[in-house]
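Worksheet: the structure to be examined is printed underneath.
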Amino acid sequence: IRTISSRTYLKQKDFAATSNLVYHAEPLAALAASCGAEVPQAYLNRGWQYLLSNHTHDANGGCAPDAVCQDMEYRYRKAMDIGDIITEDAMAHIASQLSPAGQETDAMQIVVFNPLPIVRDAIVQVDLEIPRQHQAAAARLVSEQEGHVTRQPISNEKSSSFVDSIWEVPRILESNRVKFYAEFTKLPALGYRAYTIVPEQAEVWQNETMVTGPSSMENEQLAVTVNSNGTVDITCKTTGKRYTQLNYLRDQGETGNAWKHMAPTFDETFYSLSTTATIKVIESGPLVSTIEASYNFAIPQDYADGNSRSANLVELPVEVRYRLEKNAKKLQVTTTIDNVAKDHLLRACFPTSLNTDKSVADSHFDVVERDIALPDSTGWVERAFGTHPLRTFVGLSDGKNGLALLPKGIFEYEAIDDQERTLALTLIRACRIKLAVSEEKQTELPDVGIQCPGRQSFSYDICVHAGTWEDAALLSEAAT
């Protein structure tokens with residue numbers, strides 16, 4: 001069954017709404033309740049009702065007509081909004097209970113929350129509105145536990161914003177808006193830490209950066225090079241293992257439906273390896289550096305007569321951002337595609353060259369190990385395929401070296417039984433809604449949403465590591 005790759009944009013919305021309720025709203029509401037807040041049970045129930053209303057059989061599978069899926073998008077937005085409001089209210093209540101002892105009367109603080117059940121480090125973009133009288137061009141964050149927080153400036157500008165007052169009439173605060181990246185370390189599990197904001201009138205200038213060349217960057221764990229075709233090479237400094245030509249696109253024909261993938265009788269497969277990308281550095285600093293590759297990927301416009309792909313090619317604009325953080329063991333990837341084609345299966349591919357015959361991927365209750373080689377399905381009712389579900393990670397390892405993919409709301413992978421031991425993530429499976437109204441007759445709906453047209457964006461991390469998935473703590477890596 002291939003419904004996990006139908007309407008992948010809905011799968012990503014489901015992942016985001018679920019994560020917001022499970023990892024933000026619920027734990028922070030519980031934390032606030034321990035500080036005397038009332039549990040927003042009715043509001044939480046409403047959020048879950050919106051989310052679970054999308055989990056009916058064909059709706060959650062992405063098989064339903066466009067009108068149904070548009071209603072689903074509305075419910076996902078409502079679930080996200082409710083999760084955001086509960087989270088903000090919980091944080092505000094906890095912050096209001098913090099003791100001001102030892103602080104100046106005009107002191108400013110920021111409270112950083114970690115809703116996960118693990119101690120973690122985090123690099124976060126901080127956005128502050130500092131009252132104009134401080135004439136702030138920058139700001140330091142100070143805590144008893146960490147001292148001064150390491151930062152990377154982004155911007156500062158004059159601004160104004162609405163703030164609440166005790167009279168419940170919002171006031172306009174004339175301010176300076178200061179944005180920067182901050183490195184927080186050892187944030188307590190399911191907890192928080194308060195930092196004092198110290199305005200500074202002088203801008204912060206930094207020469208340090210992880211960028212090492214026009215298309216390369218490096219931190220304590222990884223060396224990264226973006227290639228001229230938009231792929232990326234990564235070296236794991238712990239093991240010395242180098243992975244090359246990662247994240248190329250592979251496109252095949254699709255004549256199936258929301259439930260099943262079928263290739264045209266005379267299929268053609270297209271690869272982005274021969275494209276020429278424009279490479280540019282868009283962020284450069286000691287905490288965060290980002291390199292962008294953009295290119296056009298030419299593929300057939302549709303499946304023509306159903307037996308072969310169209311001879312007319314269209315160009316898919318592709319933009320890939322590779323983001324590296326200080327000391328990170330993973331490279332963050334955002335791939336954005338303007339899908340102007342129909343009837344195709346588009347996947348991101350990662351040749352690992354690892355000597356293994358097993359893949360591992362997490363599910364809701366377990367981490368599942370699967371054979372890469374397909375079983376002999378002769379005589380079976382349905383042919384065996386190599387695609388499988390995942391939840392937050394899939395990986396290959398030879399025991400000494402490993403490569404894992406940590407996607408955000410992409411639920412279908414394949415470990416391809418080739419010489420390179422390629423891992424593939426399904427980004428788009430653009431198909432049609434074909435219904436069997438009887439054993440002899442099939443009808444096709446005119447709905448085009450299932451073709452996933454327009455700009456589609458996908459986020460996933462590439463984690464290269466030593467040892468096995470347990471050694472690399474991939475469940476925790478995927479959670480952060």
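The model shown is predicted, which means the values in this text are computed figures rather than measured ones.
Among residues two or more places apart in sequence or in another chain, the side-chain contact (heavy atoms from CB on, under 4.5 Å) test is passed with E218 by T212, A223, K237. Contacts of Q419 classified as side-chain hydrogen bond (donor to acceptor under 3.5 Å, both in side chains), with partners at least two apart in sequence or in another chain: none. Not counting sequence neighbours, T265 has no partner by the side-chain hydrogen bond (donor to acceptor under 3.5 Å, both in side chains) test. Considering only residues two or more places apart in sequence or on other chains, D461 meets the side-chain contact (heavy atoms from CB on, under 4.5 Å) condition with K330, Q332, L406, K408. With sequence neighbours excluded, the residues satisfying side-chain hydrogen bond (donor to acceptor under 3.5 Å, both in side chains) with T426 are E412. A search for side-chain contact (heavy atoms from CB on, under 4.5 Å) contacts involving A92 returns nothing, not counting sequence neighbours.
Inspection of the Y460 and N247 side chains reveals an N or O donor paired with an N or O acceptor under 3.5 Å. A donor atom on one side chain and an acceptor atom on the other are not found under 3.5 Å apart for R323 and T334. Under 3.5 Å, the side chains of N339 and H344 contain a donor-acceptor pair of N or O atoms. No hydrogens or angles considered: nothing links the side chains of S359 and E369 as a donor-acceptor pair under 3.5 Å. S284 and T209 share a side-chain donor-acceptor pair at under 3.5 Å. For the residue pair N45/Q41, the side-chain donor-acceptor check at 3.5 Å is satisfied.
Sequence neighbours left out, not one pair with a member in residues 446-455 passes salt bridge (Lys or Arg N to Asp or Glu O under 4.0 Å). Pairs of residues two or more places apart, or lying in two chains, that qualify as salt bridge (Lys or Arg N to Asp or Glu O under 4.0 Å) and include a residue from residues 352-368 are K358-D371. For residues 40-59, no pair satisfies salt bridge (Lys or Arg N to Asp or Glu O under 4.0 Å), with sequence neighbours left out. A ring pair (Phe, Tyr, Trp, His ring centres under 6.0 Å) check over residues 402-422, counting only residues at least two apart or in different chains, returns the pairs H388-Y413. Judged as a salt bridge (Lys or Arg N to Asp or Glu O under 4.0 Å), the pairs with a partner in residues 272-291 (not counting sequence neighbours) are, in order, K280-E292.
Using a cutoff of 4.0 Å between basic side-chain nitrogens and carboxylate oxygens, E444 and R432 are scored as salt-bridged. By the 4.0 Å N-to-carboxylate-O rule, E382 lies too far from K260 to be salt-bridged with it. Salt-bridge check for R7 with D66: passed, with a basic side-chain N closer than 4.0 Å to an acidic carboxylate O.
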Practice prompt. Show your reasoning for whether side-chain hydrogen bond (donor to acceptor under 3.5 Å, both in side chains) applies to R429 and S5.
Written response: CA-CA 6 Å; R429 192 167 70 83; S5 57; 2.9 Å; yes

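Note: T255 OG1 to L345 CG = 11.0 Å, rounded to the nearest 0.5 Å. Distance check, rounded to the nearest 0.5 Å: OG1 of T356 to CG of N401 gives 11.5 Å.
Relative to the six-membered ring of Y50, R77 misses at least one condition, a distance below 6.0 Å or an angle of at most 45° to the axis. F15 does not carry K13 over the face of its six-membered ring by the limits of under 6.0 Å from the centre and within 45° of the normal.
More than 12 heavy-atom neighbours from other residues, nucleotides or ligands sit within 6.0 angstrom of CG on N307.
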Under 3.5 Å, which donor-acceptor pairs link side chains of residues 69-76 to any protein atom two or more places apart or in another chain?
| unit_1 | atom_1 | unit_2 | atom_2 | d |
| --- | --- | --- | --- | --- |
| R75 | NE | N54 | OD1 | 2.7 |
| R75 | NH2 | N54 | OD1 | 3.1 |
| Y76 | OH | D14 | OD1 | 3.0 |

